[in-house]
Number of protein chains: 2
Amino acid sequence: MVTMRDVAQRAGVSIATVSFVLNDTKPVTAATRAKIEQAMAELGFRRNVVARALASRRTHIIAMAYPALDHKFGFSAAEFFTSAADAARKQDYHLVLWPVGNDGSELTELVGQGLVDGVVLMEVQLDDPRVSVLRETGTPFAMIGRTSALEGLSHVDIDFDQTVEDAVEYVYGLGHRRLALISGNLNDPLFSTYGPYVRSEAAYRRIAPQYGIETVVMESSGSTLAGQEAMARLVRDHPETTAVLIVNEFAALGAVSGLNRLGRRIPEDISVLPLLMAPEMAALTNPELTIMRTPGPELGQLGTEALIRQLEGADPLPPQLVPAKLHPGATTAPPPS
Amino acid sequence: MVTMRDVAQRAGVSIATVSFVLNDTKPVTAATRAKIEQAMAELGFRRNVVARALASRRTHIIAMAYPALDHKFGFSAAEFFTSAADAARKQDYHLVLWPVGNDGSELTELVGQGLVDGVVLMEVQLDDPRVSVLRETGTPFAMIGRTSALEGLSHVDIDFDQTVEDAVEYVYGLGHRRLALISGNLNDPLFSTYGPYVRSEAAYRRIAPQYGIETVVMESSGSTLAGQEAMARLVRDHPETTAVLIVNEFAALGAVSGLNRLGRRIPEDISVLPLLMAPEMAALTNPELTIMRTPGPELGQLGTEALIRQLEGADPLPPQLVPAKLHPGATTAPPPS
DNA sequence: CTGAAAGCGCTTACAG
DNA sequence: CTGAAAGCGCTTACAG
């Protein structure tokens, strides 16, 4: 292994000076810098990040805490992760995907080891126990999602109000007057405080009346099967519905196949518009889904940047809400006349 | 931060002795051990893994190198990753998901930094440039998949021969005599040396004749759309086909919707059997797919264990091939009479 | 602008 | 069985 000592020796300087040019932490004359850079190149030097971490008390590793037990890791999650990883890399950080339980104990374990400088929290619950853990241990963190009490917590999230408003406006504009929102199962303790369900539903209950639309909300767990079952209930209880807005992306796939199975043609008889979905997933159905596209790339990046700013002591990034945007497909059309 | 020095002081021993009980590297009397363990508990000591890494030249971090540019990170990939992460944790290692390009340059960067002890290689090509990089840098690694020249490289992989044999036997047993295999696009330079395509196709060409089955092989890229298009070609060129075996899981979803769209009922008119798929993905279609289930959990674990054995200097794990197993669904049935 | 030296929190020969 | 001490490869006051 080539060390800074080797570089310093070859360049005829001290290792401190090598460190200064490597990190750009102190002014160094152009001549000295050139000698050092040449030596580094000739020797193929790569700074040992472990030694740097120990000496600087900064590992430059960020953990993305993903509650894989409660949430499937699908295309949307992958989008968040890869954009966050890219953002981290651009700022000389490593992003580690960390599958953790939701109770915070694994997180305690992780941060106690001193491996990570900070944590990006995915799939935040309204009263997330992981937040307490991170606060108590004094670990810097940023949330993708929001707890209900924010108190200056660094976060970015989907703009559910705007997303629901845009979705309603879109289908209303197509001529639909009989809508249904399929939200989550708020009786399931795991999801009763899950932001996307709670906030989408609240937004819908507020916005639908503004359009003079009767507020029909049904619930569904986050699986294909549950989505199919929800459609059976919908067709039975609200056969007049011409457009379905649906929060969970797995349930949305089930909604499509469920409606097909029930003999409802999409979009001729009924339109389907998921409120949060990744394009890769939308391409899996036939017809391809019109979706509100989850802003995973934006939020992954913003969440990571928010955290890195904290770590670097820069001005904090103000909380940002990003709406899902309409991504055209073939599952929406004017209602049957 | 509580350090070993604090623990040693409280227990009235040297830090060396604390290290010995922590790592179980030298015999320590029960009394001393008890004192130390009590001190650790009282102080809430957690060993700093960065310091350990620097002193021992072992970070206990493993990278899973996933070529995210060329391969979608879907449910199957997630299965590999989570089972590998679990296996690593059980042996006191961290597993890091590392999205890398296929050319090896990012990998060079990563291993040069000294952050990882070894690498688990995912989606290995038959002549994978990443293998050369790891060899040249002397980085321990294990492959999930296989290059064509193995020379004692540590690997685990899908048993394509067995998988294809089981799949053919199954549909043959249902009464099918007119099969088609949808493999990959071997003209695409990215996938012409991709093991799953090459090996499945080779196995099929060998096995089909043994059953007296005419060998029909078509190609498809790995997307839903490509799978749909492949079905259009199949129905046009080989309308007599009653069972489709298909390698790529995304193309398989497209095959289902494509056949539906073409008016072929599944499974009444034609059976569909993906040769490699995760159950979460099989549940996305209607009807739910009968699949050969990708042994992701097994291979993720075995690959990680193979690597850790190398790292620990234990007896190497012999290469293991694990077949995909039949996972019943509703897309296979006897052929129309 | 540059260098000598202490120190990050551990592990590991070496000695006893 | 236990301890004193060197060392892992860096960073960072401090001094000049």
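Letters go in sequence order (proteins before strands), and every chain restarts at 1.
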Quiz item: If you look at every heavy atom in A/Ala53 and B/Val50, which pair is closest and at what distance?
Solution: CB-CG1, 3.7 Å
Self-check item: First encountered from the 5' end of DNA chain D, between B/Gly12 and A/Ser19
Solution: B/Gly12
Quiz item: So what's the dot-bracket for DNA chain D: Watson-Crick or G-U pairs under 3.5 Å, [ ] if a pair crosses, | if it pairs off-strand?
Solution: |||.||||||||.|||
Self-check item: Of residues 109-119 of chain B, the positions that come close to DNA chain D - non-hydrogen atoms, cut-off under 4.0 Å
Solution: none
Exercise. Determine, stepwise, if the pair B/Asp70 / B/Arg130 fulfils salt bridge (charged side-chain N to carboxylate O under 4.0 Å, His left out).
Key: CA-CA 14 Å; B/Asp70 307 324; B/Arg130 298 173 299 173; over 6 Å; no
Quiz item: Is the closest basic N to carboxylate O distance between B/Glu106 and A/Arg89 below 4.0 Å?
Solution: yes
Quiz item: How would you list all residue pairs meeting ring-ring contact (aromatic ring centres under 6.0 Å, His included) that involve residues 18-64 of chain A, not counting sequence neighbours?
Solution: A/His60-A/Tyr93
Practice problem: For A/Ile15, answer base if it contacts any base atom (sugar-phosphate contacts may also be present), sugar-phosphate if it contacts only those atoms, and nothing otherwise; contact means non-hydrogen atoms under 4.0 Å. | Solution: base
Self-check item: Test: B/Arg58 and B/Glu312 ion pair at under 4.0 Å
Solution: yes
Exercise. With heavy atoms under 4.0 Å as the rule, sort B/Thr32 into base, sugar-phosphate or nothing.
Key: sugar-phosphate
Exercise. For DNA chain D, determine which residues of residues 37-60 of chain B have any heavy atom closer than 4.0 angstrom to one of its atoms, and list them numerically.
Key: B/Leu54, B/Ala55, B/Arg57
Quiz item: Under 6.0 Å between ring centres, would you say that holds for A/Phe73 and B/Phe73?
Solution: yes
Quiz item: Do A/Lys72 and A/Glu123 pass the salt bridge (charged side-chain N to carboxylate O under 4.0 Å, His left out) test, and can you show the C-alpha distance, the side-chain angles, and the key distance before you say yes or no?
Solution: CA-CA 11 Å; A/Lys72 290 180 219 172; A/Glu123 302 290 13; over 6 Å; no
Exercise. With sequence neighbours excluded, tell me which residues meet side chain to side chain donor-acceptor pair (under 3.5 Å) with B/Asp157.
Key: B/Arg146
Practice problem: Identify the 5'-most and 3'-most nucleotides of DNA chain C with at least one atom closer than 4.0 Å to a non-hydrogen atom of chain A. | Solution: C/dC1 to C/dG9
Quiz item: For B/Ser192, does its backbone N or O pair with a side-chain atom of B/Gln125 as donor and acceptor, under 3.5 Å?
Solution: no
Practice problem: Using the salt bridge (charged side-chain N to carboxylate O under 4.0 Å, His left out) rule, take A/Arg46 and A/Asp6 through it: C-alpha gap first, then chi angles, then the decisive distance, then the call. | Solution: CA-CA 11 Å; A/Arg46 282 171 196 284; A/Asp6 301 323; over 6 Å; no
Practice problem: Assess whether ring pair (Phe, Tyr, Trp, His ring centres under 6.0 Å) is satisfied between B/Phe191 and B/His71, documenting all intermediate values. | Solution: CA-CA 10 Å; B/Phe191 294 101; B/His71 297 269; 5.4 Å; yes
Practice problem: Check whether more than 12 heavy atoms from other residues, nucleotides or ligands sit under 6.0 Å from atom CD of A/Glu298, and answer yes or no. | Solution: yes
Practice problem: Looking at every strand, decide which applies to B/Thr3 at a 4.0 Å heavy-atom threshold: base, sugar-phosphate, or nothing. | Solution: sugar-phosphate
Quiz item: So does A/Arg10 pair up with A/Glu42, basic N to acidic O under 4.0 Å?
Solution: yes
